[in-house]
Amino acid sequence: MVTFRRGPSQVKLLVVGLIILTVLGVLCASLLREAAMAGRTATADARPSLAPPRPALTPPEEAYAHALWAIHGDIKSAAFTLTFSGLRYKLKELQVRAFETGVQAASKSFSDAEERVRALAPPASLTQVHTQYLDAVHLFQRSAAEMLKVTEDGRDDHLLVAQPLSQEASEKLLRVGNMIWPGEYLPN
């Protein structure tokens, strides 16, 4: 029987050959992966974006948005006072006189804000925004007036009538905010 004995040079040759085959396998796999990624990127780049970027405000629009922003802070504060006065009253954390004081303060803030908003001269492109903002202020005013009826007759039903008015006003403010102050805040 003839036996072949492998020498150290044959083992080295076998190991080097396996290393070369492994490196070639890794190289082929990476080339295939890169080709697949390039195909996906080309497809993604060919797809149009879902929404075109929003154009920047013009200088007159920017001036109007800035002026309205100062008023907007007062409106948000008054809306907060109005909402939480109603909630605290309903939860029996406020007596009727404290409730009345809070709602009257919010109502006065809304009236003052309405005057300030009316004094602004919006550019033609923001006339609709201006009108929507005034509509929101009027809804808050109606809500406050309805809430004050609780102090006249003691019926909590007025709070149920006032709530949808405040809700609609808040939604209008969000829509206006998305138009001229995108990303201002979103409710949780």
Side-chain angles (χ1 to χ4, degrees), residues 49-188:
S49 85
L50 298 176
R54 192 187 123 148
L57 295 176
T58 64
E61 291 170 340
E62 185 71 33
Y64 175 80
H66 185 71
L68 189 60
W69 180 253
I71 301 166
H72 187 61
D74 294 340
I75 291 289
K76 288 192 312 183
S77 178
F80 179 85
T81 299
L82 187 70
T83 299
F84 281 94
S85 292
L87 286 172
R88 292 181 65 210
Y89 173 77
K90 192 66 180 159
L91 294 171
K92 306 214 183 307
E93 292 179 7
L94 284 182
Q95 299 296 319
V96 73
R97 292 298 152 225
F99 166 75
E100 181 178 33
T101 301
V103 174
Q104 284 176 339
S107 182
K108 173 141 179 39
S109 292
F110 293 134
S111 294
D112 294 347
E114 178 189 7
E115 288 179 32
R116 292 167 60 200
V117 172
R118 286 191 182 284
L120 297 177
S125 59
L126 294 179
T127 301
Q128 184 180 5
V129 168
H130 184 77
T131 301
Q132 285 180 348
Y133 202 89
L134 280 172
D135 288 346
V137 172
H138 291 145
L139 286 166
F140 277 129
Q141 289 172 320
R142 286 178 46 207
S143 180
E146 187 66 35
M147 289 173 74
L148 284 173
K149 292 178 183 177
V150 170
T151 63
E152 297 166 8
D153 64 15
R155 291 183 30 233
D156 289 355
D157 296 352
H158 298 294
L159 298 176
L160 296 175
V161 173
Q163 192 280 329
L165 298 170
S166 287
Q167 179 70 32
E168 185 180 350
S170 295
E171 290 170 1
K172 282 184 184 260
L173 288 184
L174 280 174
R175 284 193 296 273
V176 166
N178 283 336
M179 287 186 239
I180 58 176
W181 310 299
E184 172 201 2
Y185 70 91
L186 295 178
N188 294 333

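One-based numbering along the sequence shown. Just so you know, these numbers use all the heavy atoms, side chains as well, and skip hydrogens, waters and symmetry mates. All figures in this text were calculated on a predicted structure; none of them were measured in a lab.
Of all the heavy atoms in L165 and L139, the pair that sits closest is O-CB, 3.7 Å. Nearest heavy-atom pair across A136 and K172 is CB-CB, 3.9 Å. Of all non-hydrogen atoms in A113 and I71, the two that sit nearest each other are CB-CG2, 3.8 Å.
Using modelled atom types and a 3.5 Å distance limit, the side chains of Q141 and S107 yield no donor-acceptor pair.
Considering CG of N178 and CG of L173, their distance stands at 11.0 Å, rounded to 0.5 Å. Once rounded to the nearest 0.5 Å, the distance linking CD of E115 with CG of L120 reads 12.5 Å. Of the inter-residue distances, the one linking Y64 atom OH with S125 atom OG reads 10.0 Å to the nearest 0.5 angstrom.
Between Q128 and M179 there is no side-chain heavy-atom pair separated by less than 4.5 Å. The shortest distance between side-chain heavy atoms of S166 and L82 falls below 4.5 Å. Between I75 and F140 there is a side-chain heavy-atom pair separated by less than 4.5 Å. Two residues are said to be in side-chain contact when any heavy atoms from C-beta on lie closer than 4.5 Å; I180 and L68 meet this criterion. Residues V150 and V103 form no side-chain contact, since every pair of their non-hydrogen atoms from C-beta on lies 4.5 Å or further apart. Counting heavy atoms from C-beta on, the side chains of R142 and E146 never come closer than 4.5 Å.
Between H72 and Y133, a ring centre-to-centre spacing shorter than 6.0 Å is recorded.
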Are E114 and R118 close enough, and set up right, to give a salt bridge (charged side-chain N to carboxylate O under 4.0 Å, His left out), and what steps lead you there? CA-CA 6 Å; E114 178 189 7; R118 286 191 182 284; 3.1 Å; yes
Any chance you could lay out the salt bridge (charged side-chain N to carboxylate O under 4.0 Å, His left out) test for D153 and K149, step after step, and finish with the verdict? CA-CA 6 Å; D153 64 15; K149 292 178 183 177; over 6 Å; no
Apply ring-ring contact (aromatic ring centres under 6.0 Å, His included) to residues H138 and F110 and explain how you reach the verdict. CA-CA 8 Å; H138 291 145; F110 293 134; over 10 Å; no
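For the pair T151 (side chain) and L148 (backbone), a donor-acceptor distance under 3.5 Å is present.
Under the 30°/60° scheme for interplanar angles, the aromatic rings of W69 and W181 are found to stand perpendicular.
Partners of S77 under the side-chain hydrogen bond (donor to acceptor under 3.5 Å, both in side chains) rule, at least two apart in sequence or in another chain, do not exist in this structure.
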Could you pull out all donor-acceptor pairs under 3.5 Å where a side-chain atom in residues 84-99 meets a protein atom, sequence neighbours excluded?
{"residue": "S85", "atom": "OG", "partner": "T81", "partner atom": "O", "Å": "2.7"}
{"residue": "K90", "atom": "NZ", "partner": "D156", "partner atom": "OD2", "Å": "3.0"}
{"residue": "R97", "atom": "NH1", "partner": "E100", "partner atom": "OE1", "Å": "2.5"}

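Taking a 6.0 Å sphere around CZ of R116, one finds it holds more than 12 heavy atoms contributed by other residues, nucleotides or ligands.
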